[in-house]
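Data first, discussion second: the structure below is written as structure tokens.
Just so it is clear: chains get the letters A, B, ... in the order the sequence lines come, proteins before strands, and each one is counted from 1.
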Amino acid sequence: MPEVSKMKKPDVKVVLLGDMNVGKTSLLHRYTERKFKDTISTVGGAFFLKQWGPYNISIWDTAGREQFHGLGSMYCRGAAAVILTYDVTNWQSLAELEERFLSLTDTANHDCIYAVVGNKADLTDPKAQLSQVSDMASEDRSDYEESIEPQVLSACPTPPASPASLSGITLHKQVTLEDAVALYGRILRYKGLEEKSSLPAEKMCFETSAKTGYNVDTLFEALFDLVLPSILRKRNENQESPTVDLEECRGGSSNKRARSACC
Amino acid sequence: MERDNHQEGEAQGVKICDLPRESNPPADALATSLSLLGSHMFPDPVERNNSITVNKEEPADSLPDGTAEEESLDAEPHSNQVTELETEDTESTECQNNVSTQPSDMGTEDAATDNDRSDSGEFVVTMLAKAKLEEQGIGVKGRSSPLLEAGTQEIPAFMSHRDEDVTADSWRQHRKHVFVLSEAGKPIYSRYGSEEALSSTMGVMMALVSFVQSGDNIIRSVYSDGHTVVFLQKGPLVLVCVSSSRQTEQQLRGELLYVYYQIISMLTQASISRIFEHKKNYDLRRLLAGSEKILDGLLNLVDSDPSFLLAAVHCLPIASSLRDALSQILQKAITPNLVFSILIAKNQLLTIVQEKTVIEDTRLEPADVHLLLNLIGASSAFQAGEIWTPICLPLFNPDCYFYAYISYLDPPECTVCLLLLSTDKEAFYAVAECKKKIEEAMMAQNALSLIAKVQSYSVSQVGVSDLRHFMYKPFDVPDNYRQLTQFTSPEMEAPYSSEEEKMRLLDLYRYMHSRIHSTSRPLKLIYHVAERETLLAWVTSKFELYTCFSPLVTKSCAITAITKLLRWIKKEEDRLFIRYPPKYSTTPNPSKSSRGGKSDQQDSTDNGFLSLL
Ligand SMILES: Nc1nc2c(ncn2[C@@H]2O[C@H](COP(=O)(O)OP(=O)(O)OP(=O)(O)O)[C@@H](O)[C@H]2O)c(=O)[nH]1
Ligand SMILES: [Mg+2]
């Protein structure tokens, strides 16, 4: 049973946005539970708390359905990172990001970072069909409160899909990485940000597969590392007790460890 | 199987009511059907306030076929007998063909087709068959001719109902189809098969609806051989049920209403009307896309859970001390604008605490609770998180949203679920804080492990040997006015262990229910000797009771048994029901609260639908 009493206030907020069916829930599920399983279209939004070193990162998995559009800006309020997700086999899903979802991020932090993520890469890209078992060292696993269950720990993250069936269903790729990079540029412009002073597109555009696990850990861990400054700033803002500093030091070092382990 | 007689080419006869049988080539089926329907309907506008019923009289009432001897354990296996012992408006004993023991899809008593009905309209069956012929070229290309295939094979398990071949016979043999379409004839939902593939079928349905409408009439139902087609028009939506389940029109319409309410619970009535006001042709599927599984889940529940039939909630039997303790935990974890706190285990209610002004103002309807429970069941695939979603309780107020916080308290098992409803869209963190308090208090009292031990009860606890099962719905729970209508029922045990047998028992109950609640001739007491069991249904001003006995029970035994059962329920009342509805006050300013429960809720416009238009 999880230790509820230890739950802390979240330090930072990450939001998953994108059209229905692009695989937001699957991505998060792959990352936290190391599994790919059947999903049901999300209603409203679902809130998750993720322990990242000493930090508590809250993640909002939102519904892509138009029906819940009105809540998007509420989920985004004060976000430090927004993951704009599309489906690489569906051009419209990329277009929707600009048409429907970008404006929701107006309530996010002014220094919010944006990732553009093309999911379902396994359908178009042979290299994404191979499962990418996270090579995170086992020492880091204890950092994840979701990983308490032994069967989760035993990390068999990929369903035993036969390679034949996988390679048999290569679909037409409708969105290239360049399209995503171009969108990233337009996002910066929309936000009135200088390209030079912002995070480079090649660092912020990902192609993933929730099904095989391809790039999923890379995505979340890169983002968590990038929001660290935001966490530190937030902690400094309500700096009252010296313990904050102590925690910060520990956090910094443990995080370095996590980072080096996964790269 | 019974449906055999209108499979394949035979389905061409268009028969409406007592018109002479006619055959039509498939191509002009629609035109002919409509004109036939029209010519039948227009001459005689029916009394039932401006509505037309395309049906012959209640099939059940028109088939006197035997003698009234309630205890004659029939030589003829499929003609069962019903005897009403006491009735208010009928004093004569009568005997009827028992509709409910021969549902064709159970394969148990398939010989029992009543040929008496062969002259009834086959209209919609034909209509559907024709529509599908047309669809061969449209919806599902590249498939072999549906009507030539031996269509009885089961749908493979990995295939969702959505991918079903709507041209296959297996599609037509589903016990109950449900379709939702817009007034403009746009398909919105189909229980089996994709809406796209069915667009021409739905087009035909809509043509039918509008055609009748153009004569200032409303189509309500069509009876055909073995099928009942029921229409329900609600605002800009048309809901259609095609059923071979032998349920009454009234029951089927009630089920369609649940479907409508579930749609409202996701969108609100106000926003649906507004959307269609702006754009007559709006494709509501865009807003409902992704909700199919919620509607699928609802329809499965409606078929398998008697709560819907009884319009009452089933709460889990627990010691009243534990229930009180849980209520108190909920009562202490409050935040402004919180209106309902609901604790659920194994999909049944443990307790429900309501805001004081709300409870004083309105009564929470069982249907709203059913919709909530279904939503939770259907959306809990990913159970680790805390869900925050707008939800409308259509019977409470169809035009505005609550915000529901849903979280499981016992991951990873996820059987105990907390549901907190607030009127404040922004209250997520405050409400999540309440959950934390509740979780801590429950941990301190070891409540979770106590809940885990809770089980539904066995009918053997009643101690009446011939009693196999019952459903008891009291009207006299204390504080009735504000109480949620509840019922209690033991586990279904042998011989009702298999899905088929459970369904068969439920069908018997549905039949008894339809007799008790018949609009034309309601009954107070029915003693029904069926082939494999004997049922007794009884309604008084204090309760409604359905009991199922072994077939060997005598009438006097059954009556004694019921006396015992009622005594047992009285004794166990505290455990079986939520007795006193607990409440809290989250509106600190009493003058404010006098506004009433509804007026201060968020308007649906807040959810931003209009921005889409
Ligand atoms: N092949 C493949 N399928 C995927 C992948 N990710 C998700 N899917 C499938 O895509 C469908 C939708 O996935 P979800 O994770 O529910 O999508 P979502 O973005 O959360 O959708 P909403 O909650 O409705 O907004 C499911 O059937 C998944 O199995 C992927 O990486 N590869
Ligand atoms: Mg989702």
Side-chain angles (χ1 to χ4, degrees), chain A residues 1-10 13 16 19-21 24-26 28-30 32-33 35 37-50 58-75 77-78 99-100 103-104 107 145-146 148-152, chain B residues 160 266-267 271 284 286-294 297 375-391 401 403-407 409-413 425-429 432-433 435-436 438-440 442-444 448-449 602 604-612:
Chain A
M1 194 166 294
E3 298 245 337
V4 209
S5 44
K6 265 168 63 180
M7 287 244 278
K8 286 176 239 158
K9 267 216 152 9
K13 176 151 137 184
L16 278 154
D19 203 1
M20 139 177 191
N21 213 35
K24 300 176 294 297
T25 304
S26 303
L28 189 56
H29 199 244
R30 159 63 71 187
T32 59
E33 312 267 315
K35 277 187 286 210
K37 69 164 189 192
D38 217 21
T39 56
I40 283 179
S41 184
T42 307
V43 296
F47 176 89
F48 296 84
L49 211 54
K50 171 92 192 162
S58 65
I59 306 174
W60 275 101
D61 172 28
T62 65
R65 280 140 72 176
E66 282 188 33
Q67 186 192 330
F68 299 109
H69 190 76
L71 278 110
S73 49
M74 178 235 151
Y75 298 127
R77 183 162 306 127
E99 286 164 20
R100 204 144 64 81
S103 63
L104 296 179
T107 51
E145 63 170 355
E146 287 91 345
I148 289 165
E149 273 298 284
Q151 76 259 35
V152 178
Chain B
S160 100
M266 298 183 271
L267 296 175
S271 47
L284 195 66
R286 276 176 67 201
L287 279 185
L288 274 180
S291 310
E292 301 90 351
K293 283 186 187 167
I294 291 175
L375 179 88
I376 291 170
S379 56
S380 55
F382 192 7
Q383 291 158 327
E386 297 161 60
I387 292 170
W388 183 247
T389 183
I391 177 130
Y401 279 114
Y403 293 87
Y405 172 93
I406 305 168
S407 175
L409 299 176
D410 61 339
E413 284 83 18
K425 180 178 172 180
E426 306 284 334
F428 172 80
Y429 294 99
E433 207 53 49
K435 178 239 179 171
K436 242 171 267 177
I438 291 166
E439 213 166 27
E440 278 161 20
M442 286 183 65
M443 192 119 51
L448 277 180
S449 60
Q602 298 267 331
S604 54
T605 44
D606 272 1
N607 217 31
F609 289 120
L610 289 180
S611 65
L612 301 172

Closest non-hydrogen atom pair, [X] against [Y]:
{"X": "B:Gly290", "Y": "A:Ser41", "value": "O-CB, 3.5 Å"}
{"X": "B:Pro390", "Y": "A:Gly44", "value": "CD-CA, 4.3 Å"}
{"X": "A:Arg65", "Y": "B:Ser291", "value": "NH2-OG, 2.5 Å"}
{"X": "B:Leu375", "Y": "A:Val43", "value": "CD1-CG1, 4.4 Å"}

[atom1]/[X] to [atom2]/[Y] distance, rounded to the nearest 0.5 angstrom?
{"X": "A:Trp60", "Y": "B:Glu386", "atom1": "CH2", "atom2": "CD", "result": "8.0 Å"}
{"X": "B:Tyr403", "Y": "A:Leu71", "atom1": "OH", "atom2": "CG", "result": "5.5 Å"}
{"X": "A:Gln67", "Y": "B:Met266", "atom1": "CD", "atom2": "CE", "result": "6.5 Å"}

Problem - Which portion of B:Ile294 sits near chain A, non-hydrogen atoms under 4.5 angstrom - result: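 Side chain only.
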Practice task
With sequence neighbours left out, write down each residue that passes salt bridge (Lys or Arg N to Asp or Glu O under 4.0 Å) with B:Glu433, or none if nothing qualifies.
Solution key: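 Per chain and number, B:Glu433 pairs via salt bridge (Lys or Arg N to Asp or Glu O under 4.0 Å) with B:Lys436.
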Handout entry: Contacts of type side-chain contact (heavy atoms from CB on, under 4.5 Å), residue A:Thr42, not counting sequence neighbours
Key =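 Only A:Thr25, A:Asp61, A:Ala63 meet the side-chain contact (heavy atoms from CB on, under 4.5 Å) criterion with A:Thr42.
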Practice task
Using the six-membered ring wherever Trp is involved, compare the ring planes of B:Phe428 and A:Phe47 and label them parallel, tilted or perpendicular (cut-offs 30° and 60°).
Solution key: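 Because their plane-to-plane angle lies in the 30° to 60° range, the rings of B:Phe428 and A:Phe47 count as tilted.
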